[in-house]
Every structure is written in C-alpha cells, then in structure tokens.
Amino acid sequence: MTDQASTAATRAETARLPSYLDAANPGPWGMFLEQLDRVEPHLGPLARWMDTMRRPKRALIVDVPIEMDDGRIVHFEGYRVQHNLSRGPGKGGVRFHPGVTLPEVMALAGWMTVKNAAVNLPYGGAKGGIRVDPKLLTPGELERMTRRYTSEIGLVIGPDRDIPAPDVNTGEQTMAWMMDTYSINQGSTQPGVVTGKPVSLGGSLGRRDATGRGCYVVAREAMRRIGLPMEGARIAIQGFGNVGNAAARVFAAAGAKVVAVLDVGGGIHCEAGIDPQALVEHLQGKREPITSFPGVEPITADEFWATDCEVLLPAALEGQITAANAGLIRAKLVVEGANGPTTPAAEDMLHSRGCLVLPDVLANAGGVTVSYFEWVQNASSFFWTEDDINARLDRVLSEAFAAIWAIGQERGINLRTAAFVTACTRVLQARALRGLYP
Ligand code: NAD
C-alpha cells in the first residue's frame, strides 16, 4: 500500500471519507487532508472549526459543449471549486489538462485558501479547470471552450466573489477571453474579474514572472538562514513553463547556476550552467524537445532527481517527489514552485536527511501576491511601476517567510506545518468570528 493509500484507509475507518475520495488512490485531495491532520494538534481551541477546512464550501461541475472546426459537437467537463470564503472572495487559477479531476481541483482550491492566508492576502481559496488536452485544440476551439466555460462558471465568479487567474496551460490570452466573456454577459467591462491579463487590458507589470520571482525571494531568505550562498548555487528545475522558466532567469540573474532542467520531452544537464534566457529563446514557437538545446547532455528523470545541486525546484505538477524518488535527491533545499509536488512521506524522508523543504503555500505565493496587486490596481484604475511591484512583492514574501520561519523555530515544526498553522489560524479565526448561519 502506498503512503497516501494507508492514510486514506485509516481515514475511511473513521467514516470521514467524503464520497468523492477514492481510498485506494487518495491523490492530491488525500494529501491535503493529511497535511491538515498534521496541523490540527497545533491549533488549540480553533481546532473545533477544523472540519471547515476538510470540506470545500462549494464545488461546481459544468458541461462545456463546443462545436469543433470539423463540425463535431464535443463536451468537456469543467470545474470551479470555492474551498473557503471566510477571509474574502475566492482566488485561484484555472488549469487546462487531461488529468484534471474534481478532487484535484478541490485540493488545489484548498491549497489556495492556505496560501492566501499564509501571506495574509484578503482572499479565500478557489480553483478551476477543464479536463482537456489543450494542445489537441485549434486556437478557435480553445477560444470557444474558454468562453463557454467562463459563461458557465459566471454563476459564481466576479470581482467581489471569485477571481480566476492562469495556471497550467492557461495564460494571458485565456484571461483576456475570460474577462471579455464575463464583461459581455455583465454588460460592462470588468477587468477585476480575472488576474494575469495582458498589460494592455489592465494586467499588472511584473505578473508574468511573479511566481518564479517569489520562489527566488523565499529561497534567498531560507538560504541566508541556513548559510547557503546564492552566488554559484547550483539549481535543478523540473518544468520549464511559466513558473520554471521565470524562476530560472531570476535565480541566474542573482548569481545562481541552472545545472539541470527536466520537462515532458526529457531532461538536460550542464555543470557549467544552462543559460535560461537562451533556452527560452531556443524553445519559443517550436515543438522540439528540450534535449535539442545545444551544449548540454541529455539525462533521465532519475538522473535529474539525483542531480548534485544545492537547490531543487519542482515547477511542473503535483505528486512528483514521492517515497520512490525522494531517496535520490541530494539538494539541500527544495523550493516548491509547483503546487503539491512532494508527498508527505517524501517530505519526511527529505527532512530526516537534513534537506529543507520550502512549501508551495509560501514558495509559489508570488503569483497570487502580484495577482492581488493587479486586482487592487484594477479597483482604483491606477497602475504602479514594475519596480514598485517587485519591491512590494519582495516585502510581502520576506515578511511572510520571517513570520513562518519564527513559528517553525519556536514550536519545533517544519515550515509546511508552520505555514499551515499560520494560515489555518487566520482562516478559522475569521470563521469563528463570522459564526455559522443561521
Ligand atoms: P505551465 O504549463 O506553464 O508549465 C508547466 C511545465 O511543466 C511545462 O513546461 C510542462 O511541459 C512541464 N511538465 C508537465 N508535466 C511534467 C512532468 N511530468 N515532468 C516534467 N515536466 C512536466 O504551468 P505553470 O503555470 O508554470 O505551473 C506549474 C506549476 O506551478 C503548477 O503546479 C501550478 O499549479 C503551479 N503554480 C503556478 C502559478 C502561476 O502563476 N502560473 C502560481 C502558483 C503555482
């Protein structure tokens, strides 16, 4: 039985297993529940409210029918989950991926609740997605699917209700279509309904690189405390998309050296360092695998995880570092650019070997922090400079890191548990103050 499966089986015995959780394969939602279980003993009297976190407030499943270019009518399944709205409107991305399921979106929404509260943004947590491989759609099909999905979830989103943003396989164009569709349905332009828009439509400067920049800021703060110099630090990155490539560029600009990259098309290694900007330019507009980049040696996934490096940055999908490959990892610091990349059992293995894990709810909070700045700018129609945005992002994340680090040190708990304690305390205090209705 896997580590996740045994926890889920125990949970099933206590009859708390919701209908949508498969005990044999608990997946990301099972992982989220296990993380909550680890936090509950640290919450004192607020633990009374903890089941609030174990159930999403609202989960909407929508049918998304579109006409394909060849005349067929095809139906996709879409979701929008609002996990918790105690501290403000829902906030979280939209993912287009064939592996998207309701429990996955629930977990991602739960992590957004925790992340937004951990860095003290005035939001609840939400997430959305469509079960689709967008690479198989033409641009016209993709636009029709995005617009129909937006119209269907229009019941629950809005600038004061729930504000989507980009995630895996969605980006500025997706957000432009979503903003336009919602605005048409409302009868007025509503830029604040989504973040991560193009700058020309009310998007924020600095949003594109914000998640990767945030990974760098929290890594820098952690490295200062554990005595790891940034200059010359070797970094290995899984996933060279929005988060991975921005992180690679920001780390490299700060003197670190990207020595390995793993993406769907394969892995590459170069001890002298890979120029991330050159790699971005090499891949732009091409369907070639990453291994076609000149001057590097191809490596397998196992070789990637075993890379001799100081920093490992998973920036692809959840469940990538498991009990099966955690033993290979030699990095001193794991920075979770992706959401949920490390299973709880793998995290325990890493910690017992002295490897520090910077949890997703803190490490990748840069994206939603600048999304918050975008939403504030939209509400006031007054736009800030990129320097302002980067400086404010640095301050929000450094302060959040310092507070969470201090809780970890005081209570002798790891950083994920410390981040969850900080976040759950804020969410459950708000829940308790607002009270139950009726
Ligand atoms: P993306 O689609 O831009 O990039 C993902 C990259 O990972 C792609 O290059 C893809 O080829 C690669 N990939 C996918 N599966 C892989 C695998 N099994 N092995 C190796 N590489 C693989 O997505 P993104 O926006 O960069 O998001 C990546 C992760 O970061 C997700 O977990 C997402 O939820 C999280 N995240 C994103 C943001 C954001 O602002 N975009 C913010 C916070 C967290």
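Whatever order the structure lists ligands and atoms in, that order sets their numbers, starting from 1. Note that the structure is a prediction, hence the values are computed from the model and not measured.
- Screening residues 253-307 for ring pair (Phe, Tyr, Trp, His ring centres under 6.0 Å), with sequence neighbours left out, gives His282-Phe293.
- Contacts of ligand 1 (protein heavy-atom distance under 4.0 Å) are Arg95, Asp167, Val168, Asn169, Arg207, Thr211, Gln238, Gly239, Phe240, Gly241, Asn242, Val243, Leu262, Asp263, Val264, Ala315, Ala316, Leu317, Gln320, Gly337, Ala338, Asn339, Asn364.
- Asn325 places a side-chain N or O within 3.5 Å of a backbone atom of Gln320 that can act as its donor or acceptor partner.
- Scanning for side chain to side chain donor-acceptor pair (under 3.5 Å) contacts around Gln429 gives an empty result, with sequence neighbours left out.
- Put simply, the side chain of Asp51 never gets that close to the backbone of Arg54: no donor and acceptor are under 3.5 Å apart.
- Listed by first and then second residue, the salt bridge (charged side-chain N to carboxylate O under 4.0 Å, His left out) pairs involving residues 102-117 are Arg95-Glu104 (not counting sequence neighbours).
- Heavy-atom contacts from other residues, nucleotides or ligands closer than 6.0 Å to CZ of Arg144 number more than 12.
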